[in-house]
Amino acid sequence: EALDARAREITQARALLRSVQSRIDRGEPVDAATFCSLIRLGDTAMEQENWKKVADRYYTPEEQAHWAERMQAVPDGFDQEGYARAWSELAGRIEAALPLDPAGAEAQAFYDEWQQLLAPLKAVATPEMMRGATGLYERMDEWQDVQQPPFSMAVWRFIQKAGKSRTATG
């Protein structure tokens, strides 16, 4: 199913690129909306390739296959772009609020939002897989030159401290 979805994406990308090439060959202008679509297409392709490089560095082929298998349980219609935007928005709000006391009410509210965003992933990933993902983000300074993480190391450290504070008091 994942390969079929990727094949559809490639077919759509090919059609867009052929359309643009045809317009250029005929001397027609390329409108801004089409140009923006090309940029998004390139960004998406590069991001997927970059994440693949990170995965290859930190996960065995068997672990990657296990992730791919488990991710098939994500419900159809899951809005990956919206999910990524939600992470970016939350990370930005946390970054803007730092420094915060990890045990404080605002910090704990951020922690709760973080956990809510993790819920779809936790619903399909095993505890071992979640530990592996945590370890990956613990080492993001080693790979952030390959792929821009969805949040900074400062945000990650803060969330880790907020979680420990919750565990210590709860």
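Start at 1 with the first residue, then count along the sequence. Just so you know, these numbers come straight off a predicted model, no measurement behind them.
Using a 4.0 Å cut-off between charged nitrogen and carboxylate oxygen, Glu89 and Arg85 do not count as a salt-bridge pair. Salt-bridge formation is not detected for the pair Arg131/Glu138: no Lys NZ or Arg NE/NH1/NH2 atom is positioned less than 4.0 Å from an Asp or Glu carboxylate oxygen. Look at Arg57 and Glu142 and you find no salt bridge, because none of the NZ, NE, NH1 or NH2 atoms lies under 4.0 Å from a carboxylate O.
Rounded to the nearest 0.5 Å, atoms CD (Glu95) and CG (Leu90) are 11.5 Å apart. Note that CD1 of Ile159 is 13.0 Å distant from CZ of Arg157, once rounded to the nearest 0.5 Å. In this structure, the separation between NE2 on His66 and CE on Met129 is 5.5 Å, given to the nearest 0.5 Å. We find the OG-CG distance between Ser165 and Asp101 to be 7.0 Å, quoted to the nearest 0.5 Å.
Nearest heavy atoms, Pro102 versus Ala107: O-CB, 3.4 Å. Of all heavy-atom pairs spanning Val124 and Ala73, the tightest one is CG1-CB, 3.6 Å.
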Apply ring-ring contact (aromatic ring centres under 6.0 Å, His included) to Phe158 and Tyr111, showing your working.
-> CA-CA 9 Å; Phe158 167 76; Tyr111 180 78; 9.1 Å; no
Can Glu63 and Tyr58 be said to form a side chain to side chain donor-acceptor pair (under 3.5 Å), step by step?
-> CA-CA 9 Å; Glu63 289 170 324; Tyr58 294 99; over 6 Å; no
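The backbone N or O of Ala55 sits nowhere less than 3.5 Å from a side-chain atom of Trp67 that would complete a donor-acceptor pair. Judged purely by atom type and a 3.5 angstrom limit, Gln144 has no side-chain atom pairing as donor or acceptor with the backbone of Pro149.
The side-chain heavy atoms of Met130 and Leu118, taken from C-beta on, include a pair separated by under 4.5 Å.
Remark: Arg18 pairs with no residue by the salt bridge (charged side-chain N to carboxylate O under 4.0 Å, His left out) rule, at least two apart or across chains.
Donor-acceptor pairing under 3.5 Å is recorded for the side chains of Asp25 and Gln21.
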